[in-house]
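Numbers here are sequence positions counted from 1. In this text, all values refer to a predicted model and were calculated from it rather than measured experimentally. For ligands, and for the atoms within them, numbers begin at 1 and follow the listed sequence.
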Amino acid sequence: MAVSHIQQLAALTEEIVACRVCTRLVNWREKIGAEKRASYRDWDYWAKPVPSFGDPDASLVLLGLAPAAHGGNRTGRVFTGDPSATFLTAAMHQAGLANQPTSEHRDDGLKLTGVYVSAAVRCVPPGDKPTPEEQRTCLPYLVQELKTLPNLKVVMALGHIAFRAALQTLSDMAGEKLKGKFIHGEVYRFGPGLPMMVASYHPSPRNTNTGVLNMDALVKVLNQAKELSLS
Ligand code: SF4
């Protein structure tokens, strides 16, 4: 019997969650989970690789860099439970991609339509900076994921590092080195058989509190990516 893409994604998720390949990141994610932030001391931290989340029939993928220490690494869902998640989910809701404007924990009722949210690196890195080797080690999971999404048309990268990871992922899929310079709102077309890319600033407090990225600008680029993915 043929295995559906939904079953393939579920099997890949199981494999990712069990991964312990990067010793430095395994130690870091578990240390954070054991020590906890004082305000979350009653939480049982996830402290494992954080799987992707969303609509398996999506034509649009949003790509972040890695889970946040007390966001995804705590809650076990990508872009969940931290200020970046709050900003991004409110924007997705305005763009008609999410059924609610908040993303707080795994059982909060959030449902995404037409969009699948993923990350280039699945374990929280110290200082939010994975090494190039850690990025290379984790990348095959993303390549596999993108190949499994049957309707994929657009990958929207959130931030410079996710942008480079998306370029590398599409290069792996294409079998040739693809090039592009990060420009917020820019669309990158690489030819038949490959998804387009869209670049956006990351919805981190560093960007949203300093005016680099505001809600209208993020909703605008999300709407642009959504329209491209449905065209
Ligand atoms: S970062 Fe990726 S490859 Fe490394 S341990 Fe986590 S899931 Fe595995």
Side-chain angles (χ1 to χ4, degrees), residues 5-37 40 43-56 58 61-82 84-85 88 103 105-106 112 115-149 152 155-175 195 197 202-204:
H5 65 283
I6 295 174
Q7 290 169 312
Q8 288 175 341
L9 287 170
L12 183 59
T13 294
E14 260 187 53
E15 189 186 338
I16 291 170
V17 168
C19 184
R20 300 183 65 84
V21 173
C22 308
T23 307
R24 185 182 83 116
L25 300 189
V26 170
N27 291 342
W28 185 246
R29 74 194 193 203
E30 292 179 356
K31 181 175 189 293
I32 291 168
E35 294 177 353
K36 306 182 184 182
R37 179 178 279 174
Y40 299 127
W43 269 79
D44 190 7
Y45 272 53
W46 177 257
K48 290 180 285 207
V50 178
S52 305
F53 171 65
D55 180 354
V61 163
L62 298 191
L63 185 68
L65 170 60
H70 305 282
N73 189 57
R74 171 175 61 93
T75 61
R77 193 174 70 189
V78 66
F79 278 105
T80 300
D82 63 61
S84 299
L88 178 64
S103 175
H105 57 83
R106 287 207 305 284
L112 304 181
V115 64
Y116 197 75
V117 184
S118 189
V121 174
R122 313 301 173 120
C123 296
V124 55
D128 293 328
K129 286 194 176 67
T131 65
E133 190 188 344
E134 287 160 351
Q135 290 184 56
R136 272 194 302 277
T137 305
C138 209
L139 211 64
Y141 288 136
L142 182 60
V143 173
Q144 192 58 41
E145 210 163 52
L146 296 193
K147 283 181 175 171
T148 307
L149 291 168
L152 178 62
V155 176
M156 178 170 147
L158 300 169
H160 290 74
I161 303 178
F163 177 81
R164 286 202 297 275
L167 261 185
Q168 183 59 54
T169 306
L170 298 196
S171 297
D172 283 12
M173 291 167 78
M197 268 176 62
H202 191 282
S204 65

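For Thr80 and Arg106, the side-chain atoms include no donor-acceptor pair closer than 3.5 Å. The closest side-chain donor-acceptor pair between Thr131 and Arg136, if any, does not fall under 3.5 angstrom.
Contact annotation: the side chain of Trp46 approaches that of Val17 to within less than 4.5 Å [non-hydrogen atoms, C-beta and beyond].
Closest approach of Gly71 and Asp82 over heavy atoms only: CA-OD2, 3.5 Å.
Only protein N, O or S atoms were considered, and those under 2.8 Å from atom 4 (Fe) of ligand 1 are Cys22 SG.
Sorted by first and then second residue, the pairs that involve residues 8-23 and meet side chain to side chain donor-acceptor pair (under 3.5 Å), not counting sequence neighbours, are Arg20-Glu30.
Side chain of Arg74 to backbone of Gly81: a donor-acceptor contact under 3.5 angstrom is found.
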